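Right, one structure below, let's go through it.
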Amino acid sequence: MSPDAIEQLFEALARERPEPSTELVYRDPFTLLVAVVLSGQATDVAVNRVTADLFAVADTPANLVALGVEGVETRIKRLGLYRNKAKNLVALSERLLAEHAGAVPNRREALEALPGVGRKTANVVLNEVFGEPTIAVDTHIFRVANRTGLAPGTTPAEVERRLLETVPARWLAGAHHWLILHGRYTCTARKPRCASCVIREHCAWAAARAIP
DNA sequence: ATCCCGAGGG
DNA sequence: CCCTCTGGAT
């Protein structure tokens with residue numbers, strides 16, 4: 001995709017959604033980590049409702065361990081996939097206490113070694129907590145980057161690398177947000193809303209399907 | 001029906 | 001690479 005097209009693409013996305021309105025709610029590194037672990041296969045809105053209940057009684061590793069797996073389960077049940085998540089969060093908190101003095105580690109290897117934490121979650125923490133220049137590639141970003149042709153790749157890591165080398169610095173800070181929301185509300189997996197898409201004229205996928 | 005800011009295991 | 005885990009919102 002040409003530099004001009006990339007410029008217009010991000011201008012259009014930023015014009016459509018200037019405000020980050022659906023970010024996950026958190027107040028420190030630990031609650032951010034918990035919120036992101038909970039967000040797997042769940043909507044941002046549902047996660048924010050659940051974390052409000054959970055953090056009221058458990059917003060530190062020690063509190064969360066004290067709450068126990070069943071206590072966590074009852075508070076996150078409406079998310080789905082709650083058994084794995086509850087077990088992981090308690091085990092993760094125990095590990096933070098035992099191996100990292102109760103703090104969230106700042107190295108990728110240490111983060112990805114935690115139960116329930118994969119590359120995407122680690123990237124969110126590395127970026128939002130430790131300020132590392134990464135873009136956490138979730139299914140939305142992966143799909144949008146590939147369909148449009150903005151940053152094609154067969155693995156999230158490849159898409160991430162291409163985004164970092166392709167997206168101009170002034171758009172990079174918001175790119176994560178805009179691409180996620182675009183994937184969430186417009187460029188959905190099975191039935192994308194191309195008719196109301198503000199970047200369809202810069203989309204390789206739409207072009208291949210002759211969408212005007 | 002469709003979708004949800006994944007991770008872990010086979 | 002493919003499957004499973006899970007409930008809720010729209």
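Sequence lines set the chain letters: A, B, ... in the order given, protein chains first and strands last, and positions in each chain run from 1. Only a predicted model underlies this, so the values are computations on that prediction, with no experimental measurement involved.
- Dashed line: the shortest gap from a side-chain N or O of A:Arg78 to OP1 or OP2 of C:dG7 is not under 4.0 Å.
- A close approach under 4.0 Å does not occur between any side-chain nitrogen or oxygen of A:Arg49 and OP1 or OP2 of B:dC4.
- If you find the closest nucleotide of DNA chain B to A:Arg143 and to A:Pro115, the one lying nearer the 5' end belongs to A:Arg143.
- Using a 4.0 Å heavy-atom criterion, one finds that A:Val37 contacts no nucleic acid atom at all.
- Taking atom P on both B:dC5 and C:dT10, the two are 12 Å apart, rounded to the nearest angstrom.
- For B:dG6, one of the phosphate oxygens OP1 or OP2 lies less than 4.0 angstrom from a side-chain nitrogen or oxygen of A:Thr139.
- Among A:Ile135, A:Val167, A:Leu181, the one residue that satisfies the side chain to side chain contact (heavy atoms under 4.5 Å, CB included) test with A:His176 is A:Ile135.
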Checklist line | From CA spacing to verdict: salt bridge (Lys or Arg N to Asp or Glu O under 4.0 Å), A:Arg108, A:Glu132 | finding: CA-CA 11 Å; A:Arg108 172 182 299 286; A:Glu132 296 213 14; over 6 Å; no
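- Nucleic acid contact class of A:Lys85 (heavy atoms, under 4.0 Å, all strands): none.
- Without hydrogens or angle criteria, A:Arg95 side chain to A:Ala113 main chain gives a donor-acceptor distance under 3.5 Å.
- Here A:Leu114 lies in heavy-atom contact (under 4.0 Å) with sugar-phosphate atoms only.
- A:Arg83 has a side-chain polar atom (N or O) that falls below the 4.0 Å cut-off from OP1 or OP2 of C:dT6.
- One atom, CG of A:Leu38, and another, C1' of B:dC4, lie 13 Å apart when rounded to the nearest Å.
- Counting any heavy atom pair closer than 4.0 Å across all strands shown, A:Ala42 reaches a base atom.
- In this structure, CG of A:Leu181 is placed 9 Å from P of B:dC5, rounded to the nearest angstrom.
- Taking 4.0 angstrom as the limit, A:Thr43 places none of its side-chain polar atoms (N or O) nearer than this to OP1 or OP2 of C:dG8.
- Each of B:dC5, C:dT6, B:dC3 was ranked by its minimum atom distance to the side chain of A:Tyr82; first place goes to C:dT6.
- Nucleic acid contact for A:Gly80: base, since at least one base atom lies under 4.0 Å from a heavy atom of the residue.
- A straight line from NE2 of A:His182 to P of B:dC5 spans 15 Å, rounded to a whole angstrom.
- Among the nucleotides B:dC5, B:dG6, B:dT2, the one closest to the side chain of A:Arg190 is B:dT2.
- Residue A:Glu70 places its CD atom among 12 or fewer non-hydrogen atoms of other residues, nucleotides or ligands, all under 6.0 Å distant.
- One can place CG of A:Leu163 at 18 Å from P of B:dC5, the figure rounded to the nearest angstrom.
- With C:dC5, B:dC4, B:dC3 as the candidates, the nucleotide lying closest to the side chain of A:His140 is B:dC4.
- Put simply, CG on A:Leu89 is 12 Å from P on B:dA7, counting in whole angstrom units.
- Look at NZ on A:Lys77: it is 14 Å from C1' on C:dG8, rounded to the nearest Å.
- Residues A:Phe130 and A:Val36 share a single hydrophobic cluster, defined by chaining ILVMFWY side chains whose heavy atoms lie under 4.5 Å apart.
- Comparing the C1' positions of C:dT6 and B:dT2 gives an interatomic distance of 16 Å, to the nearest angstrom.
- The nucleotide whose nearest atom lies closest to any side-chain atom of A:Gln41 is, among B:dA7, B:dT2, B:dC4, B:dC4.
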Next item on the list: Begin with the C-alpha distance, continue with both residues' side-chain angles, and end with the deciding distance and a verdict on salt bridge (Lys or Arg N to Asp or Glu O under 4.0 Å) for A:Glu73 and A:Lys77.
Entry: CA-CA 6 Å; A:Glu73 275 189 6; A:Lys77 197 154 191 161; 5.7 Å; no
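- Regarding A:Asn48, its CG atom lies at a distance of 10 Å from the P atom of B:dC5, rounded to whole Å.
- When the side-chain nitrogen and oxygen atoms of A:His176 are compared with OP1 and OP2 of B:dC5, none of them lie within a distance under 4.0 Å.
- Atoms CG (A:Leu81) and P (C:dC3) sit 17 Å apart, rounded to a whole Å.
- Under 4.0 angstrom from either OP1 or OP2 of B:dC3 there lies at least one side-chain N or O belonging to A:Thr188.
- In this structure, a donor-acceptor pair under 3.5 Å is absent between the side chains of A:Glu11 and A:Trp171.
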